[in-house]
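Following: one structure in C-alpha cells, then a few remarks.
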2 protein chains.
Amino acid sequence: MQGQNISDIIEKYLKQILADSEQVEISRSEIANLFNVVPSQINYVMKTRFTIQNGYIVESKRGGGGYIRIEKVNLLDDVGVIDSLIGTIGESISQRDGLAIVQNLYNNEVVNRREANLILAAIDKQTLAADDRMQENSFRARILIGILNHLRYES
Amino acid sequence: MQGQNISDIIEKYLKQILADSEQVEISRSEIANLFNVVPSQINYVMKTRFTIQNGYIVESKRGGGGYIRIEKVNLLDDVGVIDSLIGTIGESISQRDGLAIVQNLYNNEVVNRREANLILAAIDKQTLAADDRMQENSFRARILIGILNHLRYES
DNA sequence: TAATAATAGTCAACATTAGTCAAACAAAAG
DNA sequence: CTTTTGTTTGACTAATGTTGACTATTATTA
C-alpha cells in the first residue's frame, strides 16, 4: 500500500470524485484547508498528478469566485504517433520540417485538410515574423507541441 | 457548477435575453439595483464581457432617459468585421481577449469546435511559454492575425 | 438661457482569489 | 553514506472582481 504523503491523498480524493463525474471544480483554499496544507500545494498536485499525459486538463480562474477545474478527457489511440512527433520537434524546428510534421499528421488522418492548413498558417514564417531565425524556430516548435498535446484527446 | 461571482451572473442574465433578440437596452441603475451592486459594476461587466472581440457592440446615452444598449454583431454579415478584429488585435493581445475572439469565430460558424480548440491550443499561454508577457502577447497577436487572414481566403 | 435633475463613465483603492519560485525538508536510489 | 529525486512551505506576484468618490453628458424645468 503506497500513497502515504499528503499529495497522494489529495490526488486520490480528487480522482474519487472524477470517477463519477467528468470534471471537478474546486476552490484552492478550501481544499488546502480541508487537508491542512498551504494553498500552493494544490498547484503542486495539479502539476504532478493531473497532467495531459495522464488524461486531465486543468483550468483555473483567479479573483472573486475563482476556481480550479479538473477535466478528465479521453486519450486517443495515436498517442504514440504524437509522442514521437514531439520528440523529433525538440526545442526548435524549421518551417520546412514543420511542414513535414503537419503532412505526417494529415497522412495519419489525425487532422483533415482544413485543419492542416490552419496549423500551417499558424506556424508560417510570415505569420511568426520573428526577429531572428532562432526565435522563429523556437516558437514554431512550441506552437506545434502545444497543438500536438491538444490532439492527444478529443474535446 | 460555475458562475459564482456576480459579474458572471449579470453576464449570463444579459446573454439570455440576447439569445432571443438582437439587442438589449437596459437602464444601468435598474440592473445594478436588480443584482444589488453599485452601478459602475455594470460598466465593468460591459468592458470585460461585451467587447467587440466577443461580438458585441455597446452604446449608451447619459441624462434623462439614458440607457445602455448591447447589440450582437454577426461576422458573416459583415466582412469588414474580420478586418476590425485584426485591428483590435494590433501588435499584442492577452490570452483572455484571444479566447474571446476565437469564441466569436466559433459562434459565427467561421470555425467549428475542433478548429477553435486547435487555435486555442496554438495561442495558449503555456504553449507560447515566452520569456515575458510582452513577447507572449506579441506572438499571440501574430498567430491570430495569420490565422484570421488565412480564414478570410479560405471561406 | 441657466439651473437642476437624471442619467452613465472613469479611475483608483481595496478585496479575493490563484500562480510562481526557490528554499527547506524528506524519501528513495545508488 | 551520499546523491538524486520528490514533497512541503511560505513569501511574493498576478489576475480578476467590487466599491465608491468624482466627473461628464443629456434632459427638464424655472
- Message: Apply side-chain hydrogen bond (donor to acceptor under 3.5 Å, both in side chains) to residues B:Asn149 and B:Arg152 and explain how you reach the verdict.
- Response: CA-CA 5 Å; B:Asn149 277 325; B:Arg152 176 164 36 206; 2.5 Å; yes
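Inspection of the A:Asn54 and A:Thr51 side chains reveals an N or O donor paired with an N or O acceptor under 3.5 Å.
If you measure from atom CG of B:Asn33 to atom C1' of D:dT19, you get 15 Å, rounded to the nearest angstrom. Here D:dT18 presents its C1' atom at 13 Å from CG of B:Asn36, a figure rounded to the nearest Å. Distance CZ (B:Arg28) to C1' (D:dA24): 11 Å, rounded to an integer number of Å. Between the C1' atom of D:dT16 and the CD1 atom of B:Ile9 lies a distance of 15 Å, rounded to the nearest Å. Atom CG in A:Asp8 sits roughly 19 Å away from atom P in D:dT5 (whole-Å rounding).
Within residues 59-70 of chain B, the residues approached by DNA chain D to less than 4.0 Å at the level of any non-hydrogen atom are B:Lys61, B:Arg62, B:Gly63, B:Gly64, in residue-number order. Contacts between residues 87-96 of chain B and DNA chain C, counted as heavy-atom distances below 4.0 Å, involve no residue at all.
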For residues 95-103 of chain A, tabulate all N or O donor-acceptor pairs below 3.5 Å that involve a side-chain atom, not counting sequence neighbours.
from: A:Gln95; atom 1: OE1; to: A:Lys125; atom 2: N; distance (Å): 3.3
from: A:Gln95; atom 1: NE2; to: A:Asp124; atom 2: OD1; distance (Å): 3.0

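Sorted by first then second residue, the salt bridge (Lys or Arg N to Asp or Glu O under 4.0 Å) pairs that include residues 37-57 of chain A, not counting sequence neighbours, are A:Asp8-A:Arg49, A:Glu11-A:Arg49.
Considering OG1 of A:Thr127 and CZ of A:Phe139, their distance stands at 14.0 Å, rounded to 0.5 Å.
The existence of a salt bridge linking A:Glu22 and A:Lys72 is excluded, since no basic side-chain nitrogen approaches an acidic carboxylate oxygen closer than 4.0 Å.
If you check distances only, the side chain of B:Ser7 never reaches the base of D:dG17 with a donor-acceptor pair under 3.5 Å.
Put simply, chain B comes within 4.0 Å of DNA chain C, heavy atom to any atom, from C:dA6 to C:dT10, going 5' to 3'.
The residue A:Thr48 sits apart from the nucleic acid: no heavy atom pair falls under 4.0 Å. Across all strands, A:Ile42 comes closer than 4.0 Å to no nucleic acid atom at all (heavy-atom distances).
One finds a side-chain N or O of B:Gln41 lying less than 4.0 angstrom from the OP1 or OP2 phosphate oxygen of D:dT19.
Considering only residues two or more places apart in sequence or on other chains, A:Tyr153 meets the side chain to side chain donor-acceptor pair (under 3.5 Å) condition with A:His150.
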